[in-house]
Structures are given as C-alpha cells and as structure tokens.
Amino acid sequence: MPLYYGYGYGYGAMFDPLYLVVVIVSLVLGLAAQAYINRAYRTWSKVSSDGCSGEDVARRMLEANGCGAVGIRRVNGHLTDHYDPRDNNLYLSSENMLGGSVASVAVACHEAGHAVQRARGFSMFKMRQALVPVVNFTQSVWMIVLLLGIFMNMAGLTTIAIALFAFSVVFQLVTLPVEFDASRRAIAYIQESGMSAQQVEGARKVLTAAALTYVAAALTSILQLLYLLARTQRSQND
Ligand SMILES: [Zn+2]
C-alpha cells in the first residue's frame, strides 16, 4: 500500500479513514458528555438545597466521616472543583462553595467523597494515586518514542510506545471506580442529611452526568489504543 509510509504511522496517517473515524467518534463522545453535564448542572443549580451551601454540607460530610482536618478552599472557574490529596484540601468553585443549590451540594460532597476515600485507604484511590507519576511520565514520552519508531523504522520502538500509551488507558479505567465511589459516598450522605427525595434524585442526576465525562474519556483512550494496535497489525501484514 503506497499510501502508508514506513512503519505505517507516517504521512499516510492523516489520510487514513480509520483515523478520521477515531477522531470523529472521540469528538462526538466528548462533546455529548460535556453537553449532558452542562444541562444537568444548569437544571439542578436552579433547585434550592434549603439554605445550605456546598461548603456547609461538604464540611458536615467530612466531619461525619472523621475527616475534620481536610481544608476547603476556593478555586476559580466553572466546574473546576477537585480534591488535592497532596495538601488534603477540597478546592471548590465559587458557585459550588457558596451556592445553595442541589447541584452545588452534589459536586461539593463528591469532592468530599474523595477526601473520605483517602482517609479510609480505598484501594482504587490508592492505586490511582500510585499511577499519577507513572502516567505523567508515559504521557510525555510515548509520542516521542512512537515518532522515533516511525522515522527509524524500528518496530520495537513503536511497540514500546503503544505499551507506554496503554498506561493512560489503565489510568482512565482505574479512575472510573474512584469517581463512582466518590459519588456513591456523596449521595449516601446527602440522603442521610435529610434532603427531600427530589433533591437526592437531582444530586444523583448531576453526579451521574459528571461520571459520564470520565466514561467518555476512558472510551476515547480505549479507541485510540485499539487504533494504534490495528495500525501496527496492518503495517506488519503489508
Ligand atoms: Zn471526582
């Protein structure tokens, strides 16, 4: 096949219809997940949590789980909320920290859920944390190794590159149970805290939509890995 140069990732790659499919499917998945969380968040940010801010409820959830030492800080941006295990702080966006909506409480409690995971030594959380430095490394080098493999026409290097890329896929997969579990802890607490069935349902919807963004990211990376493997297979058969 003259279109495919060298080992098969060369200039031909940009004309590969299969690659175009991977890009389009990834894009559609990502945009659909984003649109879904935005819609769920917008809907439930209009429903009051009866005067409690995200910070109030997250603080109570942390204390109820023996995590009173966890700090709560404000972070700029929209849906930038996260838990940082390095300094053991929740970082909440203004709208979720101060906001008194079902959506604010859901997101704030989800982040508190991560702090509880760490305090309880939740195994998937520990595994994910252990993978962070590994994936930081593999993500920054896999493409360089791949390009070296292509230009030096060394099959061994491209195989190593794919193995390095596979760490990102494993990381995305390990992230899923960590995210689901943080949401499960959040919903359990919100339920216990005496909110109405409608408020609990709203919180569940917001957190399910948020989880779908991680599912979309995981599917995208699996798709990319499959593409890389198919590409290698094909060029070996050429
Ligand atoms: Zn999370």
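Counting starts at 1 for both ligands and their atoms, following the listed order. FYI, side chains are in, hydrogens and waters are out, and symmetry mates aren't considered; it's all heavy atoms of this structure.
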message: Using side chain to side chain donor-acceptor pair (under 3.5 Å), reason through N96 and E111 one step at a time and then give a plain yes or no.
response: CA-CA 11 Å; N96 291 331; E111 301 314 332; over 6 Å; no

Aromatic contact, Y41 with H78 (centres under 6.0 Å):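 Here the rings of H78 and Y41 have centres that are less than 6.0 Å from each other.
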
- request: Taking the six-membered ring for Trp and the single ring otherwise, decide whether the centroids of Y19 and Y227 are under 6.0 Å apart.
  value: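 Yes; Y227 has its ring centre under 6.0 Å from that of Y19.
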
message: Tell me whether the NZ or CZ atom of R185 lies within the 45° cone about the ring axis of F122 and under 6.0 Å from its centre.
response: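 Yes - R185 lies over the ring of F122, closer than 6.0 Å to its centre and within 45° of its axis.
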
message: Before moving on, can you tell me the angle at the Zn ion (ligand 1) between the NE2 atom of H110 and the NE2 atom of H114, to the nearest 10 degrees?
response: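 It is 100°, given to the nearest 10°.
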
query: Is there an N/O/S atom in E179 at a distance below 2.8 Å from the Zn ion (ligand 1)?
result: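 An N, O or S atom of E179 is closer than 2.8 Å to the Zn ion (ligand 1), so yes.
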
- prompt: Quick check: does H82 put an N/O/S atom under 2.8 Å from the Zn ion (ligand 1)?
  reply: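 No, outside the cut-off.
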
